[in-house]
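One is the number of the first residue; the rest follow in order along the sequence.
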Amino acid sequence: RLTLMIGPAVPVPVPQSVLDALTDVQITSASDGPSGFQLSFTLSTDSALHTLFLLTGGSPIPFVRVIVVVTVGGMPDVLMDGVMTNHEVRPGAGAGRATLTVTGEDLTRVMDYIELDGVPYPGMPGAARVYAILGKYAALGVLPLVVPPLISDVPNPVERIPRHKGTDLCYVRGLAADVGYVFYLEPGPAPGASVAYWGPEIKVGLPQPALNADMDAFTNVEALGFGFASDSRVQPIVMVHNAITKAPIPVPVPDIAPLNPPLGLIPPLPKKFELLTGTAKLSTAAAALAAVAKASRTSEAVTGTGSLDVVRYGRVLKARRLVGVRGVGPAFDGLYYVKSVTHTIKRGEYKQSFTLTRNGLLSTVPAVPA
């Protein structure tokens, strides 16, 4: 069951005529960028879609919000909470009806509209600045979830006052990159609410039910394949200055952390060493956090791609979480991090394509949840 809600600021369920005209829904969620959506409608000359969508470009409404909720097995999941960014109309061939395609992004797009250069943040660490910025979007149902770094750099207002640079989105992502963190919006858990997460990339927790391949009646994927890139791993090196001799000391940084444990037992050896730049202004701990984040991103040597039918899988596969894999072979079975998921919904059909990653071959756990 699909629920579509559209409106300025506070969306409401669309009329039945609009829902009947909906032919295709595509939503993409990824761990390394904003989520996006695309809605396709059949368009007739007397359709209500002309008023709901096409006229919004010339109205005083700053943006039109879209919420997509899907219910599988009685459990509702908010797949998208975003804003429209583009409309496209294609006339039908012959006597066929025209097609209206609406594309958009999640609510991070609203954070990227206005540049606020020069706003001061006296005596505020990075986490406090993020809270101050995200508080402006509480009216849109954005709830901040900020994890302060282990060591924070609190500037002395007498010596230096940090100032805002660029849009809210660019500044928040810059603060996250400085300490090796990530920033993204997770829609839900209720329609109209989103969680703005600013913190370390988490690759621990309860895995989703396993993806089964080549297991006869237990098979729940349509396609699943894996690749191993042994040359992809990069070993970051941070230069630490000795306080007494002033001599720079190169320090290699591992790609593991408490919230980013290895999911593969045998990782490839690094064949490239990269000296990180821009870490001189950071403390030793902050530079190490940034290097660990860099190392973890380049250590994902195993990549899996596939597709599944949600009805057969029994639930919605979600990005930015762990999932188990069975039936592929001992080299590739085990736990994976779901890097991206694309939802494709049509009448009577709900399918997902996905990308999985981990750091090496062989599983680190003896079994995965079924």
For this session: To the nearest 0.5 angstrom, please state how far the CG atom of L308 sits from the CG atom of L317.
Result: 6.0 Å
Exercise. Mind checking whether M80 and S35 have side chains closer than 4.5 Å, heavy atoms only?
Worked result: yes
Seminar exercise, completed: Taken in chain and number order and not counting sequence neighbours, the residues that satisfy side chain to side chain contact (heavy atoms under 4.5 Å, CB included) with P34 are E105, D106, T108, R173
Problem set entry | Worked check of side chain to side chain contact (heavy atoms under 4.5 Å, CB included) between L140 and F63 | CA-CA 12 Å; L140 297 177; F63 57 85; 3.9 Å; yes
Exercise. Which residue pairs pass the salt bridge (charged side-chain N to carboxylate O under 4.0 Å, His left out) test with at least one member in residues 82-92, sequence neighbours excluded?
Worked result: E88-R90
For this session: Using the rule that two of Ile, Leu, Val, Met, Phe, Trp, Tyr join whenever any of their side-chain heavy atoms come within less than 4.5 Å, decide whether V172 and L116 are in one cluster.
Result: yes
Seminar exercise, completed: Applied to residues 343-363, the salt bridge (charged side-chain N to carboxylate O under 4.0 Å, His left out) test, sequence neighbours excluded, yields E222-K351
Problem set entry | Beyond-backbone contact of F354 with T305, side-chain heavy atoms, under 4.5 angstrom | no
Seminar exercise, completed: In short, V328 meets A213 closest at the heavy-atom pair CG2-CB, 4.3 Å
Seminar exercise, completed: One should read off an interatomic distance between L107 CG and L169 CG, to the nearest 0.5 angstrom, of 11.5 Å
Problem set entry | Taking every non-hydrogen atom, the tightest pair across V341 and Q352 | CG1-NE2, 3.2 Å
Exercise. So Y121 and Y171, would you call those rings parallel, tilted or perpendicular, with 30° and 60° as cut-offs?
Worked result: parallel
Exercise. To the nearest 0.5 Å, what is the distance between CZ (R109) and OG1 (T167)?
Worked result: 10.5 Å
Seminar exercise, completed: Correct closest heavy-atom pair for G327 and D333 would be N-OD1, 3.4 Å
Exercise. Is the backbone of A127 close enough, under 3.5 Å, to the side chain of R129 for a donor and an acceptor to pair up by distance?
Worked result: no
Problem set entry | Matching residue for I345 among L39, L22, I27, L79 - test: side chain to side chain contact (heavy atoms under 4.5 Å, CB included) | L79
Problem set entry | T28 backbone acceptor or donor facing T342 side chain under 3.5 Å | no
Exercise. Does some side-chain heavy atom of V78 sit less than 4.5 Å from a side-chain heavy atom of P191?
Worked result: yes
Exercise. ring-ring contact (aromatic ring centres under 6.0 Å, His included): which pairs involve residues 212-237, sequence neighbours left out?
Worked result: F226-F332, F226-Y336
For this session: Please report the C-alpha distance between N86 and V102 in whole Å, then the side-chain angles of each, then the deciding distance to 0.1 Å, and finally whether the side chain to side chain contact (heavy atoms under 4.5 Å, CB included) criterion is met.
Result: CA-CA 6 Å; N86 185 53; V102 178; over 6 Å; no
Exercise. Hey, quick one: are V311 and M215 part of the same hydrophobic cluster, counting side-chain heavy atoms closer than 4.5 Å, chains of contacts allowed?
Worked result: no
Exercise. When hydrophobic residues are tied together by side-chain contacts of less than 4.5 Å, even through go-betweens, does I266 share a cluster with V365?
Worked result: no
Problem set entry | Presence of salt bridge, E300 and K339, under 4.0 angstrom | yes
Exercise. Under the salt bridge (Lys or Arg N to Asp or Glu O under 4.0 Å) test, which residues partner D112, sequence neighbours left out?
Worked result: none
For this session: Could you tell me which non-hydrogen atom of G264 sits nearest to which non-hydrogen atom of T364, and how far apart they are?
Result: C-CG2, 3.6 Å
Problem set entry | Residue pair F183 / A196: nearest heavy atoms and the distance that separates them | CE1-CB, 4.0 Å
Exercise. Would you say the side-chain atoms of T101 pair up with the backbone N or O of S40, donor to acceptor, closer than 3.5 Å?
Worked result: no
Seminar exercise, completed: Rounding to 0.5 Å, atoms CG (D24) and CD (Q38) come to a distance of 7.0 Å
Exercise. Taking a hydrophobic cluster as the set of Ile, Leu, Val, Met, Phe, Trp and Tyr residues connected by side-chain heavy atoms closer than 4.5 Å, whether directly or through intermediates, do V195 and Y131 fall within one such cluster?
Worked result: yes
Exercise. Is the shortest heavy-atom distance from the side chain of Y350 to the side chain of H343 under 4.5 Å?
Worked result: yes
Exercise. Would you say the side chain of W198 lies within less than 4.5 Å of the side chain of Y181, judging by non-hydrogen atoms?
Worked result: yes
For this session: Output every pair passing side-chain hydrogen bond (donor to acceptor under 3.5 Å, both in side chains) with a member in residues 208-217, not counting sequence neighbours, ordered by first then second residue.
Result: N212-R326
For this session: Determine whether V323 and K318 make a side-chain contact, defined as any pair of heavy atoms from C-beta on separated by less than 4.5 Å.
Result: no
Problem set entry | V302 and T357, any side-chain heavy atoms less than 4.5 Å apart | no
For this session: Output all residues satisfying salt bridge (Lys or Arg N to Asp or Glu O under 4.0 Å) with D168, sequence neighbours left out; order by chain, then residue number.
Result: K136
For this session: Under the side chain to side chain contact (heavy atoms under 4.5 Å, CB included) rule, what do M111 and L134 come out as? Steps first, then yes or no, please.
Result: CA-CA 9 Å; M111 301 175 61; L134 296 179; 3.8 Å; yes
Seminar exercise, completed: Heavy-atom nearest pair, M84 first then I6, reads CE-CG2, 3.8 Å
Seminar exercise, completed: OG of S17 to CZ of F41, rounded to nearest 0.5 Å, is 10.5 Å
All N/O donor-acceptor pairs, side-chain side in residues 66-73, below 3.5 Å, sequence neighbours left out:
none

Problem set entry | side chain to side chain contact (heavy atoms under 4.5 Å, CB included) partners for P209, two or more places apart | Y313, R315
For this session: Return the set of residues passing salt bridge (Lys or Arg N to Asp or Glu O under 4.0 Å) with R320 (not counting sequence neighbours), or none when no residue passes.
Result: E186
Seminar exercise, completed: side chain to side chain contact (heavy atoms under 4.5 Å, CB included) filter on Q16, not counting sequence neighbours, yields L19, D20
Exercise. Would you say V147 and P200 make side-chain contact, with heavy atoms under 4.5 Å?
Worked result: yes
Exercise. Given the rule that I, L, V, M, F, W and Y join up when any side-chain heavy atoms are under 4.5 Å apart, are V64 and V25 in one cluster?
Worked result: yes
Exercise. Rounded to the nearest 0.5 Å, how far does CG of L263 lie from CG of N359?
Worked result: 6.0 Å
Problem set entry | Pairing residues for P13 by the side chain to side chain contact (heavy atoms under 4.5 Å, CB included) criterion, not counting sequence neighbours | M5
Problem set entry | CA sep, side-chain torsions, deciding dist, call: Y337, L322, side chain to side chain contact (heavy atoms under 4.5 Å, CB included) | CA-CA 5 Å; Y337 181 70; L322 297 181; 4.3 Å; yes
For this session: Check for a donor-acceptor pair, side chain of N220 on one end and backbone N or O of A210 on the other, with a separation under 3.5 Å.
Result: yes
